[in-house]
Amino acid sequence: MTTTDVRLFAHRQGALRVVLAEPIQGDRNAPTTATLTPTAARGAKGRPLPAGTHRLLADAPYPQPLRPAARSAVPPGDLLGHLLVAAVGLQRREPSNRFNDHRSVASVRSKFPVHVFVLAPDGSFAYLDLYRHALVDLPDTVAADGELAGLLPAQGDVTVLLAARFTDLPALYDRLRCPLGLLELGINLRALHLAADLLGARARLRLDGAVTAAGARLLAGTGPGAWSLPLVVTLEGVGPLPSSRLLPGAAGSGLPQDDTERALLRQGADDDLLLEAAEVTAPLAGLSCAEVEPTCGVPELPAAGPGTVRPSWAETLWNRTAGRVPAAVTGFSARPTVLGEDCLADMLAWLGGPAPGPLLAEVGRRVRTTVALQRLAGLPTGRYTVVAGRLESEQTDPGMLRTLQGAFGYPLGPTTDSGLRHANAVWVFSADLDRILDEFGPAGWSLLQLWCGWASHGLATAAAAHGLFARPVRSFDEFRLQHTMDLPREMLPLFSVICGRSRFAEPMLDLRV
């Protein structure tokens, strides 16, 4: 895969998709693999996750980690389970939302295409099944003297593999399933680092091609599936895993999937677009990176002002949302609200937290972040650029957010809401794709998507701490957005995050265990 091939793919699924690609066709009601576990992850044995993660986090005020006394009270065998639940655990079901269930991380249509696998020092391999609330044993193991031995963690650590399954997203997303999968990988990577910070562990991304390729071979043994290349993360200091045992309600869980499920999981074998996605992202397995230091997911945040009441981390993760609408409506609603300097300071701090380096961090330095603001921190409504963690005003325009709504991917209508015009902030990530590919080679485009995911989850966390939704979007006209944000010609929009206060609210079903 050459830089020219990657550039053509990027334009086909991005700025020139209506010129270089066929119109997207697909059945909106067609089934996806979103609710299917890997074929090998249906066994009867595993390690139950501990209960009460949200109660543990209720004693930790945002943005501080758990107090040392609270961490020391966690049984050693429960630490990893609490960490995984804090990172990606189920939160709630919204009666009016047809795309359920909601977790600590954002996802396209709540399909959650990123799956989590865990490798222990003894070579045992497991799949995180949130609905069974367990790490379910997988049949494959890794030998200390085998070809996959480089994945084995040291005693007291675990290796976590994050992989997106492109077929979890509806086929009508076409080529967008690839960048959206990568973006959500970046989101889940930040979530894992965040949870490690809260629970006193350390997370180390191993973005080395040999390790990535070994992780892909291990995933292939879990059964058919159109998997992305995995991100391999070492969690240090999470202690020993509890012993594997028969899981509650395990009778019959080992039954094979039916023919329909098997056919869905095999989609990637002969789908040209999914094969193309595998080729475009394959350069990630050719990277050569030195060992890097663990990275923090939670930044150093400015002190809260006098009288400021901070939520707990349990409340913050519960509040994480991409927006809400009534049952018969799609999109997201918003209402005007005035926010102070502390909200903007938090967002800038989370945005500025460096991604795991060196490659992701270097790519992030090439990304231009522009934001349209209104009713935030007393600043005039208009467009600003983020420079060294602060805002520089570019244009004052009272109608900026209304103009941006015109560049959004779907208009207002009787069954569609778009609260962008009432949002407080619209963050836009853009980059010079040619420069990125020249500097980082064919892997540069994939690294860009991962960084955008990392940064957007930071913004989403800051928004949740202030009671706001944060909607990560690719639903925009690139050229109209480029013109509205007055971006240089070479800087094409990659991703956007819309933050504001939801107008719609209703009681929700708590799914936390």
Side-chain angles (χ1 to χ4, degrees), residues 36-50 76-81 83-85 87-88 114-165 188 192 201 203-248 250-257 262 265-266 285 291:
L36 301 181
T37 58
T39 301
R42 297 167 68 91
K45 297 188 67 176
R47 298 167 173 85
L49 300 175
D78 288 351
L79 183 59
L80 175 64
L83 193 158
L84 294 175
V85 172
V88 298
V114 175
H115 299 249
V116 181
F117 301 82
V118 172
L119 179 64
D122 64 1
S124 59
F125 192 39
Y127 172 76
L128 177 64
D129 190 329
L130 291 173
Y131 284 97
R132 295 178 71 182
H133 200 66
L135 286 168
V136 180
D137 288 350
L138 293 165
D140 286 347
T141 58
V142 175
D145 56 353
E147 61 177 2
L148 304 181
L151 293 171
L152 289 173
Q155 292 297 321
D157 302 344
V158 299
T159 298
V160 173
L161 278 67
L162 303 174
R165 192 167 56 188
N188 282 261
L192 194 63
R204 186 194 302 270
L205 174 63
R206 301 178 65 190
L207 198 60
D208 180 79
V211 173
T212 301
R217 291 196 296 275
L218 186 56
L219 286 181
T222 65
W227 296 105
S228 72
L229 287 171
L231 294 180
V232 181
V233 181
T234 300
L235 291 178
E236 301 178 350
V238 293
L241 270 67
S243 299
S244 176
R245 59 184 175 86
L246 191 67
L247 295 173
S253 63
L255 292 175
Q257 288 155 322
R262 284 196 291 267
L265 289 171
R266 291 195 180 102
E291 190 77 7

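Note that the structure is a prediction, hence the values are computed from the model and not measured. Heavy atoms only: backbone and side chains are in, while hydrogens, waters and symmetry mates are out. Positions are given from 1, in the same order as the sequence printed here.
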Look up atom [atom1] in [X] and atom [atom2] in [Y], then write down how far apart they are to the nearest 0.5 Å.
{"X": "Phe117", "Y": "Asp140", "atom1": "CZ", "atom2": "CG", "answer": "11.0 Å"}
{"X": "Leu128", "Y": "Leu161", "atom1": "CG", "atom2": "CG", "answer": "12.5 Å"}
{"X": "Leu219", "Y": "Leu162", "atom1": "CG", "atom2": "CG", "answer": "10.0 Å"}
{"X": "Leu80", "Y": "Leu49", "atom1": "CG", "atom2": "CG", "answer": "8.0 Å"}
{"X": "Thr159", "Y": "Leu148", "atom1": "OG1", "atom2": "CG", "answer": "11.5 Å"}
{"X": "Gln155", "Y": "Asp122", "atom1": "CD", "atom2": "CG", "answer": "8.0 Å"}

Minimum heavy-atom distance between [X] and [Y], given as atom pair plus value:
{"X": "Thr222", "Y": "Trp227", "answer": "OG1-NE1, 4.1 Å"}
{"X": "Ser124", "Y": "Thr141", "answer": "CA-CG2, 4.4 Å"}
{"X": "Arg165", "Y": "Leu265", "answer": "NH1-CD2, 3.4 Å"}
{"X": "Leu205", "Y": "Val232", "answer": "CD1-O, 3.5 Å"}
{"X": "Leu138", "Y": "Ala126", "answer": "CD1-C, 3.7 Å"}
{"X": "Ala143", "Y": "Ala149", "answer": "O-CB, 3.6 Å"}

Can you tell which of Leu151, Val160, Thr212, Val114 makes a side-chain contact (heavy atoms from CB on, under 4.5 Å) with Pro230?
->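 Among the candidates, only Thr212 passes.
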
So, does Asp157 use its side chain to make a donor-acceptor pair with the main chain of Gly237 at under 3.5 Å?
->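 It does hold such a pair.
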
Any donor-acceptor pair under 3.5 Å from Arg47 side chain to Pro242 backbone = yes

Within the 4.5 Å heavy-atom criterion, are [X] and [Y] side-chain neighbours or not?
{"X": "His115", "Y": "Thr37", "result": "no"}
{"X": "Leu192", "Y": "Val116", "result": "no"}
{"X": "Arg245", "Y": "Pro48", "result": "yes"}

Could you walk me through whether Arg262 and Thr39 pass side-chain contact (heavy atoms from CB on, under 4.5 Å), step by step?
-> CA-CA 8 Å; Arg262 284 196 291 267; Thr39 301; 5.7 Å; no

Apply salt bridge (Lys or Arg N to Asp or Glu O under 4.0 Å) to Asp129 and list each qualifying residue two or more places apart in sequence or on a separate chain.
-> none

